[in-house]
S.K.: 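Take this structure, written in structure tokens, and hold onto it; I'll ask about it next.
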Amino acid sequence: MRCFKRTVTLGLAGALILASPVNSMAETEKPKDMDQAVWDRLQDNLLEYDEIRDLVEHYNPTYRQIADKIEASAQTYKDAAQELRNYADMMADDAKEVKDDNPFLYKAFQGAADGYRKGAKQYDKAVDSIHNRSRNSLRQVRDMTSSGVQMAMIGYYQAQASREMLDTLVELSQAAYDSSVTQQTLGMATATDVQAAEKSLQAARGQLQSLDDTMTNVRHQICNMTGWTYDADVQLGEIPQPDLARIETMNPENDLTKAIGNNFTLIEQRSISGKGDANRNAKFRLIDETEAKVKIELETLYQAILEGRTAYEAAGTAFQSAQITMNGNDLKYQMGMLGRLEYLQAKMAYLQQKAAYRTAALNLTQDMENYDWAVEGLADVN
């Protein structure tokens, strides 16, 4: 296993640039309810798309800060409850010793033991209250962060889909510039022609550099949000092709109940105290309006999936055709039947179709994720 570091430092909410690492994944204890094979996968230097939620939960600094604060608050009551139980045990032991000799002390000690145990139970309830009140807030932070990382990773690969095309554009622009310089020496091109070709080359290089810089920054953000240090050498796993069969299992009508039950805005609205008929009516009216918005959002997201699937299938057909054409152009180029400029132009057309197909696949994946997250509680109802 390659050497790596993971940060579990406390940070400000929304911070993307993290402090120096305090802990490494190897030093973090495996959760009791997690399979060992899953845990082992999280600890390599390959960031897989399906690991994002687990990585956020265990290594995102903001999430860990909130979770640790909650647990610290709960731990205070846990410790107090345990201390009272210890006192209760001591009182119970003392009561046994004086039971036969001093009935009065026996009852007093037993009463104290019972009082301590009741106090411990109240602290237990406080622990449960802390966890119950914080559960939805913590889940919301985890899910919103996980969704954001997914979007960033999809955006990264959408940019990468264009990179091969831009790289070839630079190569094509360089070849065109070299050709114009040669033609100028032969009197077949003017200085203006050469300057125009050079300008096109510089523009292509600038576009490629800008894309690379953006991808680097997005990559750093993805690493930071999943717990790696800013400069970690992390490999991003490929995003799988969209599972078309899973679309058949999606149904806005069937999923609406779950989406309404999970929606964080609705959870907050349900918790509003509504004293008096007017306040209660306003509360229920607000909830009804929000539920209607969840329904509309779910139907809209589902429609986007259907449209995305159509675009994905069409792009796949176009790419297959472009692949066949490109195979023929490769053969022609090898046989000397195509010049370099012609070949690079043909390659550009092919790469455009390839990028369009990959982008359509990523767009459909994002559409499906948007729908799933809406069902999980992140439907946009504002």
Side-chain angles (χ1 to χ4, degrees), residues 5-13 15 18-40 42-43 53-143 145-146 227 261-262 264 267-268 270-273 275 377:
K5 294 180 178 178
R6 280 285 178 83
T7 54
V8 290
T9 55
L10 301 183
L12 297 175
L18 309 182
S20 59
V22 173
N23 201 354
S24 70
M25 184 172 285
E27 297 168 340
T28 304
E29 185 177 349
K30 181 183 79 68
K32 294 180 181 178
D33 59 349
M34 180 174 286
D35 183 78
Q36 184 63 50
V38 175
W39 184 245
D40 290 341
L42 294 183
Q43 298 189 69
R53 189 186 297 214
D54 284 334
L55 290 170
V56 167
E57 183 170 348
H58 297 292
Y59 295 104
N60 177 270
T62 300
Y63 180 89
R64 287 312 326 159
Q65 180 186 29
I66 298 171
D68 291 345
K69 270 185 160 183
I70 293 170
E71 198 52 44
S73 298
Q75 191 63 46
T76 300
Y77 290 97
K78 287 181 181 178
D79 292 343
Q82 186 57 52
E83 191 172 10
L84 285 181
R85 289 192 178 91
N86 292 340
Y87 290 152
D89 291 342
M90 287 190 293
M91 288 292 97
D93 290 341
D94 290 343
K96 289 178 182 178
E97 291 182 6
V98 301
K99 181 177 182 179
D100 297 330
D101 299 330
N102 195 326
F104 177 78
L105 280 180
Y106 171 75
K107 289 183 179 181
F109 289 161
Q110 281 287 74
D114 290 343
Y116 291 150
R117 289 194 179 97
K118 288 178 181 178
K121 287 182 179 179
Q122 290 302 108
Y123 287 147
D124 289 338
K125 290 180 181 179
V127 171
D128 291 340
S129 177
I130 290 171
H131 285 153
N132 289 336
R133 282 188 287 106
S134 61
R135 185 177 293 114
N136 284 325
S137 296
L138 196 57
R139 184 169 67 88
Q140 186 175 16
V141 171
R142 182 199 64 188
D143 290 355
T145 305
S146 299
N262 288 336
F264 293 107
I267 290 172
E268 183 178 348
R270 294 184 197 111
S271 68
I272 297 174
S273 176
K275 294 182 179 180

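FYI, the numbering just counts along the sequence from 1.
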S.K.: If you look at every heavy atom in Arg64 and His58, which pair is closest and at what distance?
M.R.: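 Residues Arg64 and His58, closest heavy atoms: CD-O, 3.3 Å.
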S.K.: When rounded to the nearest 0.5 angstrom, what is the spacing between CD in Gln140 and CD1 in Ile66?
M.R.: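 Between atom CD of Gln140 and atom CD1 of Ile66 there are 10.0 Å.
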S.K.: Return the minimal non-hydrogen interatomic distance between Leu138 and Tyr63, and the atom names on each side.
M.R.: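 It is O-CE1, 3.4 Å.
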S.K.: With rounding to the nearest 0.5 Å, note down the distance linking CD1 in Ile70 to CD in Gln65.
M.R.: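 One gets 10.5 Å once the value is rounded to the nearest 0.5 Å.
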S.K.: Which atom names give the shortest non-hydrogen contact between Phe264 and Asp143, and what distance separates them?
M.R.: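 Where Phe264 meets Asp143 most closely, the heavy atoms are CZ-OD2, 4.1 Å.
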S.K.: Do you know the tightest heavy-atom contact between Ala92 and Gln110?
M.R.: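 Reported closest heavy-atom pair: CA-OE1, 4.2 Å.
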S.K.: If I take atom CD from residue Glu97 and atom OH from residue Tyr106, how far apart are they, to the nearest 0.5 angstrom?
M.R.: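 OH of Tyr106 is found 13.0 Å from CD of Glu97.
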S.K.: Going through the checks in order, is the side-chain contact (heavy atoms from CB on, under 4.5 Å) test met by Ile267 and Arg139?
M.R.: CA-CA 12 Å; Ile267 290 172; Arg139 184 169 67 88; 3.9 Å; yes
S.K.: Once rounded to the nearest 0.5 Å, what's the spacing between atom NZ of Lys96 and atom CG of Asp94?
M.R.: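 Atom-to-atom, Lys96:NZ and Asp94:CG are 11.0 Å apart.
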S.K.: Counting only pairs under 3.5 Å, give me each side-chain donor-acceptor contact of residues 74-83, with atom names and distances, residues two or more places apart or in other chains.
M.R.:
| from | atom 1 | to | atom 2 | distance (Å) |
| --- | --- | --- | --- | --- |
| Gln75 | NE2 | Asp79 | OD1 | 2.8 |
| Thr76 | OG1 | Ala72 | O | 3.2 |
| Lys78 | NZ | Glu71 | OE2 | 2.9 |
| Gln82 | NE2 | Asn86 | OD1 | 3.1 |
| Glu83 | OE2 | Tyr87 | OH | 3.0 |

S.K.: Is there a donor-acceptor contact under 3.5 Å linking the side chains of Asp40 and Gln36?
M.R.: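 Distance-only check passes for Asp40 and Gln36.
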S.K.: Could you tell me if the side chain of Asp54 sits less than 4.5 Å from the side chain of Val38, heavy atoms only?
M.R.: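 Answer yes - side chains close enough.
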S.K.: Can you tell me how far CZ of Arg135 sits from CG of Asp128, rounded to the nearest 0.5 angstrom?
M.R.: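 It comes to 8.5 Å.
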S.K.: Donor-acceptor pair, Arg117 side chain versus Arg85 backbone, under 3.5 Å?
M.R.: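 No, Arg117 side chain to Arg85 backbone: no donor-acceptor pair under 3.5 Å.
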S.K.: Taking all atoms of both residues into account, what is the closest heavy-atom pair of Val98 and Phe109, and its distance?
M.R.: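 Heavy atoms of Val98 and Phe109 come nearest at CG2-CD1, 3.9 Å.
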S.K.: As an exercise, state the distance from CG of Asp35 to NZ of Lys30, rounded to the nearest 0.5 Å.
M.R.: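 Asp35 CG to Lys30 NZ: 7.5 Å, rounded to 0.5 Å.
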